[in-house]
Amino acid sequence: MTSVLNDSPFVRACRGQDVPHTPVWFMRQAGRSLPEYRKIRAGVGMLESCRRPDLVTEITLQPVRRHNVDAAVLFSDIVVPLEAAGVDLDIVAGTGPVIAEPIRTAAGLDRLRPITADDVSFVAESVRQLVGELGGTPLIGFAGAPFTLASYLIEGGPSRTYTRTKAMMYGEPELWHALLGRLAEITLTFLRTQIDAGVSAVQLFDSWAGALSEADYREFVLPHSARVLGSLAGAGVPRIHFGVGTGVLLGAIGEAGADVVGVDWRTPLDRATTLIGPERPVQGNLDPAVLFAPWEVVEREARRVLEQGRAAPGHVFNLGHGVLPDTNPDMLTRLVELVHTASAR
């Protein structure tokens, strides 16, 4: 089965190899846009959903059945390993992760313990179940990058300005690097657990890195993301790295060591390829809001993304961020069919 998965269009595209068609999957494809997801999640909290392998398996499979995407993505959340590390947190509907006691001092850092595979054994069980169910469809595992996790831990929840995060970064650089170093190790353990259980690729989400200048990214963030990605170089699975609002950072992100760089909708893929480096495949990058336009607009924009993706040695079609909750699922299904047909070699 490993050879079948390695020969799948998704894995081949991640490795810059020839493919029968451009593979496609969507960030947040297993989520609120699907009525079957809302039904199965009714009355079950997000973190509890992530801890139940039966629920994780069903939710992860839903978009594969409905949309015929080329890869499944594990249903989980980037804060799952933080809870395993002893952080008191909750995922509040309409808000996001909320941290009961933010980490803003060395004493706070001491509360953040390393994790082991046993701490997230429910994730490994979910992956094993899914690999058995998916057959020849690859499964993507994921984790939050150290900077994005740190921003939640320091701010206490989502932020627009990242004031406290940057205050620590600039004012207490030793504490900052100690925190991100700890988070890098937690992230590594979380990803290795998924790889050991059978995922075919992993994605590192640095969702909020776009809040930084390139100079600050290089000094305060890049070494820790590179530590995670570099430590997985011999794991045998493609590594994807993605951030939002990172157009000015793409050159530096390309240096972090991922095999594939995800690009949000703001930067055309052909331009992104010149910034990242011509040797790396790209992933992206249709604006999620385009899916609310008439079909002729969706088709035009999807064909544009496919054409611009040809500049890279490999292209995985995706949105430039996650599927929005009110998206019509039928539009996603139709988009997958279009990508497959329009890109057929």
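- Under a 3.5 Å cut-off, the side chain of N285 and the backbone N or O of T267 do form a donor-acceptor pair.
- G284 and V305 get closest at one heavy-atom pair: O-CG1, 3.5 Å.
- Side chains of Y152 and V87 form no contact here, defined as non-hydrogen atoms less than 4.5 Å apart.
- Judged purely by atom type and a 3.5 angstrom limit, S33 has no side-chain atom pairing as donor or acceptor with the backbone of P329.
- Within the model, atoms NE2 of H241 and CG of D206 stand 5.5 Å from one another, a figure rounded to the nearest 0.5 Å.
- The local environment of CZ in R160 is sparse, with at most 12 non-hydrogen atoms from other residues, nucleotides or ligands closer than 6.0 Å.
- A pairwise comparison of heavy atoms in S49 and V44 identifies OG-CG1, 3.3 Å as the closest pair.
- To the nearest 0.5 angstrom, L112 atom CG is 5.5 Å from L183 atom CG.
- Aromatic ring pairs are classed by plane angle as parallel below 30°, tilted from 30° to 60° and perpendicular above 60°; the pair W265 and H321 is parallel.
- Side-chain contact between I99 and V79: absent, with no pair of heavy atoms (C-beta onward) separated by less than 4.5 Å.
- When side chains are defined from C-beta on, L291 does not count as touching V323, because their heavy atoms never get closer than 4.5 Å.
- In terms of hydrophobic clustering, with Ile, Leu, Val, Met, Phe, Trp and Tyr side chains grouped at heavy-atom distances under 4.5 Å, V92 and L47 are assigned to different clusters.
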*May I have the step-by-step check of side-chain contact (heavy atoms from CB on, under 4.5 Å) for D88 and E101, ending in yes or no?*
CA-CA 7 Å; D88 184 359; E101 295 182 72; 5.6 Å; no
_Pair R128, E125 - check salt bridge (charged side-chain N to carboxylate O under 4.0 Å, His left out), show working._
CA-CA 5 Å; R128 287 191 292 268; E125 184 179 347; 5.6 Å; no
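- Between F242 and F205, the ring planes lie perpendicular to each other; the angle is over 60°, past the 30° to 60° tilted range.
- With hydrogens and angles ignored, the 3.5 Å screen pairs no side-chain donor or acceptor of D7 with any backbone N or O of R12.
- Surrounding CD of E279 are more than 12 heavy atoms belonging to other residues, nucleotides or ligands, all under 6.0 Å away.
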*Before giving the answer on side-chain contact (heavy atoms from CB on, under 4.5 Å), spell out for T148 and S207 the whole-Å C-alpha distance, their side-chain angles and the decisive distance to 0.1 Å.*
CA-CA 6 Å; T148 292; S207 305; 4.3 Å; yes
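- By the 4.5 Å heavy-atom criterion applied to side chains, D90 and E83 are not counted as neighbours.
- Note: the hydrophobic cluster containing F142 also contains V202 (ILVMFWY, side chain heavy atoms under 4.5 Å, direct or indirect links).
- The closest side-chain heavy-atom distance from I186 to F190 is not below 4.5 Å.
- Cluster membership for L275 and V263, using ILVMFWY side-chain heavy atoms within less than 4.5 angstrom, is shared.
- The pair R227-E185 meets the salt-bridge criterion, with a side-chain N (NZ, NE, NH1 or NH2) lying under 4.0 Å from an Asp/Glu carboxylate O.
- When atom types are taken as modelled, the side chain of H340 and the backbone of V69 share no donor-acceptor pair closer than 3.5 angstrom.
- Both Y162 and V248 belong to a common hydrophobic cluster when Ile, Leu, Val, Met, Phe, Trp and Tyr are linked at side-chain heavy-atom distances under 4.5 angstrom.
- Taken from CD in Q283 to CG in L319, the straight-line distance is 10.0 Å, to the nearest 0.5 Å.
- Residue-environment remark: CD (E36) exceeds the threshold of 12 foreign heavy atoms within 6.0 Å.
- Around the CZ atom of R164, the shell of radius 6.0 Å holds no more than 12 heavy atoms that belong to other residues, nucleotides or ligands.
- Heavy-atom neighbours of D18 CG from other residues, nucleotides or ligands within 6.0 Å: at or below the threshold of 12.
- A salt bridge links E214 with R218; the closest basic N to acidic carboxylate O contact falls under 4.0 Å.
- The heavy-atom pair separating P9 from V19 by the smallest distance is O-CG1, 3.4 Å.
- Remark: the backbone N or O of R32 is paired with a side-chain donor or acceptor of R38 at under 3.5 angstrom.
- When every heavy atom of N328 is checked against every heavy atom of D330, the shortest pair comes out as OD1-N, 2.9 Å.
- Enclosure of atom CD in E296 by more than 12 non-hydrogen atoms of other residues, nucleotides or ligands within 6.0 angstrom is indicated.
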*Which is it for Q17 and N6 under the side-chain contact (heavy atoms from CB on, under 4.5 Å) test, yes or no, and what are the steps along the way?*
CA-CA 11 Å; Q17 299 170 342; N6 285 338; over 6 Å; no
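- Nearest heavy-atom pair across G156 and P102 is CA-CG, 3.8 Å.
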_Apply side-chain contact (heavy atoms from CB on, under 4.5 Å) to residues V339 and H21 and explain how you reach the verdict._
CA-CA 8 Å; V339 171; H21 61 260; over 6 Å; no
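- Atom-to-atom distance recorded for Y37:OH and R28:CZ is 10.5 Å, nearest 0.5 angstrom.
- A salt bridge does not link E307 with R304: every distance from a Lys NZ or Arg NE/NH1/NH2 to an Asp or Glu carboxylate oxygen is 4.0 Å or more.
- Below 30°, between 30° and 60°, or above 60°: for F220 and H177 the angle between ring planes is below 30°, a parallel geometry.
- By the neighbour-count criterion of 12 heavy atoms within 6.0 Å, atom CZ of R271 is sparsely surrounded, having that number or fewer from other residues, nucleotides or ligands.
- In this structure the side chain of I276 never reaches within 4.5 angstrom of the side chain of I253, judged on heavy atoms.
- Note: T333 OG1 to L338 CG = 12.5 Å, rounded to the nearest 0.5 Å.
- Judged by distance alone, the side chain of S213 and the main-chain N or O of D216 form a donor-acceptor pair under 3.5 Å.
- Put simply, L180 and M168 are part of the same group of oily side chains (I, L, V, M, F, W, Y) that touch within less than 4.5 Å, one to the next.
- Panel note: side chain N318, backbone M27; a donor-acceptor pair is recorded below 3.5 Å.
- By the 4.5 Å heavy-atom criterion applied to side chains, W25 and D70 are not counted as neighbours.
- In this structure, R41 does not pair ionically with E58, as no charged nitrogen and carboxylate oxygen lie closer than 4.0 Å.
- Considering all non-hydrogen atoms of both residues, P281 and P313 come closest at N-CG, 3.8 Å.
- Under a 3.5 Å cut-off, the side chain of R113 and the backbone N or O of G86 do not form any donor-acceptor pair.
- No donor-acceptor distance shorter than 3.5 angstrom exists from the side chain of D196 to the backbone of T193, with no hydrogens or angles considered.
- At least one donor-acceptor pair closer than 3.5 Å links the side chain of R345 to the backbone N or O of S343.
- Residues Q62 and I40 have side chains in contact (heavy-atom distance under 4.5 Å, counting atoms from C-beta outward).
- Summarising the geometry, atom CD1 belonging to I154 is positioned 8.0 Å from atom CZ belonging to F147; distances are rounded to the nearest 0.5 Å.
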